[in-house]
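Quick notes on the structure that follows.
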2 protein chains.
Amino acid sequence: MATFTNPIANIRAFNRFYTDIIGLLDRHLLHSRYSLAEARIIYEISVGENLQASQIMTAMHIDKSYLSRLLKKLEKEGLIIKKPSEQDARAMFISLTAKGLREFNILNKASDEQISAMTTGLKASDQQQLVNHMNAIMNILTKTAII
Amino acid sequence: MATFTNPIANIRAFNRFYTDIIGLLDRHLLHSRYSLAEARIIYEISVGENLQASQIMTAMHIDKSYLSRLLKKLEKEGLIIKKPSEQDARAMFISLTAKGLREFNILNKASDEQISAMTTGLKASDQQQLVNHMNAIMNILTKTAII
DNA sequence: AAATACAGTTGACAAAGTCAACTATATTTA
DNA sequence: TAAATATAGTTGACTTTGTCAACTGTATTT
């Protein structure tokens with residue numbers, strides 16, 4: 001079994017874990033309708049409410065030109081709307097349309113089903129533990145402003 | 001703060017965490033020399049010893065045609081060698097060359113430094129906790145044969 | 001008022017990944 | 001044992017994903 005003895009040696013093992021579990025989901029489930037990046041934009045907006053494009057860019061660590069194209073596509077599909085800021089004519093505020101919100105819920109639901117399918121081997125107690133550990137990691141990282 | 005209330009809702013939040021922390025590393029550090037996929041192949045071989053291409057394919061959930069090209073590139077760079085199986089003339093056994101092993105160590109060392117740089121804000125106790133939680137997740141997943 | 005910085009867009013391109021058809025060997029089945 | 005089927009890996013043509021540099025238009029600084 002691969003173990004995380006220290007952060008250094010871990011990185012590849014953890015990456016492997018990630019790719020297998022989360023990546024599997026993203027590739028096989030989401031890619032059929034939206035790219036991972038698109039799904040994440042939708043997620044970011046649903047969490048952040050009325051974000052500026054630049055904020056999404058920072059949050060996702062992606063190139064502004066790439067984000068620009070993705071937003072254009074999502075807008076064309078009617079999932080988001082952009083409205084220019086009144087304070088700063090350069091800035092765009094992005095928000096989900098009703099359709100975008102529905103899609104977000106569908107994505108979440110689909111994730112749900114996929115995860116269930118993948119984790120049927122897990123006892124409920126293990127599932128809970130998994131979630132707890134993920135939460136703990138999130139806590140440590142947000143607490144120290146790494147995320 | 002984003003929380004993992006259940007596996008379903010989590011998937012996007014966890015993905016965000018992953019993208020930020022691990023993805024940052026992979027994109028900025030590894031991509032300069034090797035793609036994430038290449039780095040992971042090197043990792044898989046260093047762990048698995050004398051794997052068949054098909055095993056790597058299964059482990060990584062990537063397309064065989066893509067893997068084929070990646071292996072070709074790594075072979076051309078002298079990082080791996082392929083030798084045909086004696087039992088099955090169709091199969092290739094892949095192993096790291098001395099150079100490949102050196103590169104693996106360099107990658108690990110580089111990861112190390114990058115992670116240190118990223119986590120200087122973390123107290124030693126938090127770092128340890130982070131590692132412990134990652135380990136716990138790995139344990140649950142391996143125990144139930146999900147990985 | 002001129003210089004500089006910032007938000008976002010666009011064109012041209014590079015990297016990553018996929019699909020279908022193929023070669024060559026193995027295994028199954030009739 | 002010959003024909004059909006399956007498997008391991010390769011290749012050509014392609015799509016998707018992501019990047020770089022140059023640009024427009026607005027805001028801020030000097």
Polar side-chain atom of [X] near backbone of [Y] as donor-acceptor pair, under 3.5 Å:
X: A:Lys83; Y: A:Ser95; value: no
X: B:Ser85; Y: B:Met92; value: no
X: B:Ser68; Y: B:Lys64; value: no
X: A:Lys82; Y: A:Ala53; value: no

Which nucleotide, [options], lies nearest any side-chain atom of [X]?
X: B:Ser68; options: C:dT10, D:dT11, D:dA27; value: D:dT11
X: A:Gln52; options: C:dA7, D:dT11, C:dA16; value: C:dA7
X: B:Arg90; options: C:dC19, D:dA6, D:dC20; value: D:dA6
X: A:Lys82; options: D:dA8, C:dT9, D:dA27; value: C:dT9
X: A:Ala91; options: D:dG9, C:dC19, C:dG8; value: C:dG8
X: B:Asp88; options: D:dC20, C:dA7, C:dA26; value: C:dA26

Euclidean distance, atom [atom1] of residue [X] to atom [atom2] of [N] [Å, nearest integer]:
X: B:Tyr66; N: C:dA20; atom1: OH; atom2: C1'; answer: 19 Å
X: A:Leu67; N: D:dC20; atom1: CG; atom2: P; answer: 16 Å
X: B:Leu71; N: C:dG17; atom1: CG; atom2: P; answer: 14 Å
X: A:Asp63; N: C:dA15; atom1: CG; atom2: P; answer: 15 Å
X: A:Ile62; N: C:dA16; atom1: CD1; atom2: P; answer: 17 Å

**OP:** Could you pick out which residue, B:Lys64 or B:Ala89, lies toward the 5' side of DNA chain C when each is mapped onto its nearest nucleotide?
**Re:**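 Final value for this comparison: B:Lys64.
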
Original post:
Using a cut-off of 4.0 Å on non-hydrogen atoms, how would the nucleic acid contact of A:Ser65 be classed: base, sugar-phosphate, or nothing?
Top reply: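 Base, at least one base heavy atom under 4.0 Å.
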
Subject >> Given DNA chain D, 5'-ward residue of the pair B:Arg69 and B:Ser54, judged by closest heavy atom >> reply: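 Here B:Ser54 is the residue nearer the 5' end.
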
